[in-house]
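Indexing begins at 1, ligand by ligand and atom by atom, following the structure's order. The figures that follow rest on heavy atoms only: side chains count, while hydrogens, waters and symmetry mates do not. In this text, all values refer to a predicted model and were calculated from it rather than measured experimentally.
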Amino acid sequence: MSKLVTILNGPNLNLLGKREPEIYGHATLDDVARDCAAVATEFGLRCELLQSNIEGELVNMIQACRETSAGIIINPAAYTHTSVAILDALNTFEGPVLEIHISNVHHREEFRHHSFVSKRANASIIGMGVEGYALCMRHMGSLLA
Ligand code: DQA
């Protein structure tokens, strides 16, 4: 069975495509799932895309990845800037973790400049739009080869 990569998305990303399109664009999470699946296939990987608006659910999903997944791609959304619990959960995961932000958080409000998740992430892609997810999957492909 091929290795699974889990793509985790935090709060409000269920509204991707409808939410502040001038910042996040018009593509939806379904579009992201489709693009990532195509790249995963190139590398002989499988992927699943999950989203929750609830911090504890994201912690549960990360814990589940310990049993199911070879790597995690995560856009923790607003929890990036606040959640020690998500950082702690990611620290229990042994595989590679890639962090993605659609917008360039460093060009935005000061409170978006700090990421707890960056302490754990092997690498981060920031400000490349939704294309960043597929770029993360490509890098995950080389890390898991
Ligand atoms: C985001 C940036 C965060 O600051 C914000 O809270 C989000 C999305 C991004 O992908 O650009 O919800 O993670």
Give every pair made of an N or O atom of ligand 1 and a protein N or O atom lying under 3.5 Å apart, one pair per line with both atom names and the distance to 0.1 Å, or write 'none'.
{"residue": "ligand 1", "atom": "4 (O)", "partner": "His81", "partner atom": "NE2", "Å": "2.7"}
{"residue": "ligand 1", "atom": "4 (O)", "partner": "Arg112", "partner atom": "NH1", "Å": "2.9"}
{"residue": "ligand 1", "atom": "6 (O)", "partner": "Ala78", "partner atom": "N", "Å": "3.2"}
{"residue": "ligand 1", "atom": "6 (O)", "partner": "Arg112", "partner atom": "NH1", "Å": "3.0"}
{"residue": "ligand 1", "atom": "10 (O)", "partner": "Asn75", "partner atom": "ND2", "Å": "2.9"}
{"residue": "ligand 1", "atom": "10 (O)", "partner": "Ile102", "partner atom": "N", "Å": "2.8"}
{"residue": "ligand 1", "atom": "11 (O)", "partner": "Ile102", "partner atom": "N", "Å": "3.2"}
{"residue": "ligand 1", "atom": "11 (O)", "partner": "Ser103", "partner atom": "N", "Å": "2.8"}
{"residue": "ligand 1", "atom": "11 (O)", "partner": "Ser103", "partner atom": "OG", "Å": "2.6"}
{"residue": "ligand 1", "atom": "12 (O)", "partner": "Arg19", "partner atom": "NH1", "Å": "3.2"}
{"residue": "ligand 1", "atom": "12 (O)", "partner": "Arg19", "partner atom": "NH2", "Å": "3.0"}
{"residue": "ligand 1", "atom": "13 (O)", "partner": "Asn75", "partner atom": "OD1", "Å": "2.8"}
{"residue": "ligand 1", "atom": "13 (O)", "partner": "His101", "partner atom": "ND1", "Å": "2.9"}

> Hey, does the side chain of Asp35 reach the backbone of Val32 with a donor-acceptor pair shorter than 3.5 angstrom?
Replying inline: no
>> Whether the side chain of Arg112 engages the backbone of His106 through a donor-acceptor N/O pair (distance < 3.5 Å, no angle test) should be reported.
In response: no
>> Could you check whether any side-chain N or O of Arg120 sits under 3.5 Å from a backbone N or O of Leu87, counting only pairs where one atom can act as donor and the other as acceptor?
In response: no
>> On a heavy-atom basis, which atom in Pro76 and which in His101 lie closest, and how many Å separate them?
In response: CD-CE1, 4.0 Å
>> Starting from Ile73, can I reach Ile102 by hopping between I/L/V/M/F/W/Y residues whose side chains sit under 4.5 Å apart?
In response: yes
>> Between Tyr24 and Asn12, is there a side-chain donor-acceptor contact under 3.5 Å, judged purely by atom types and distance?
In response: no
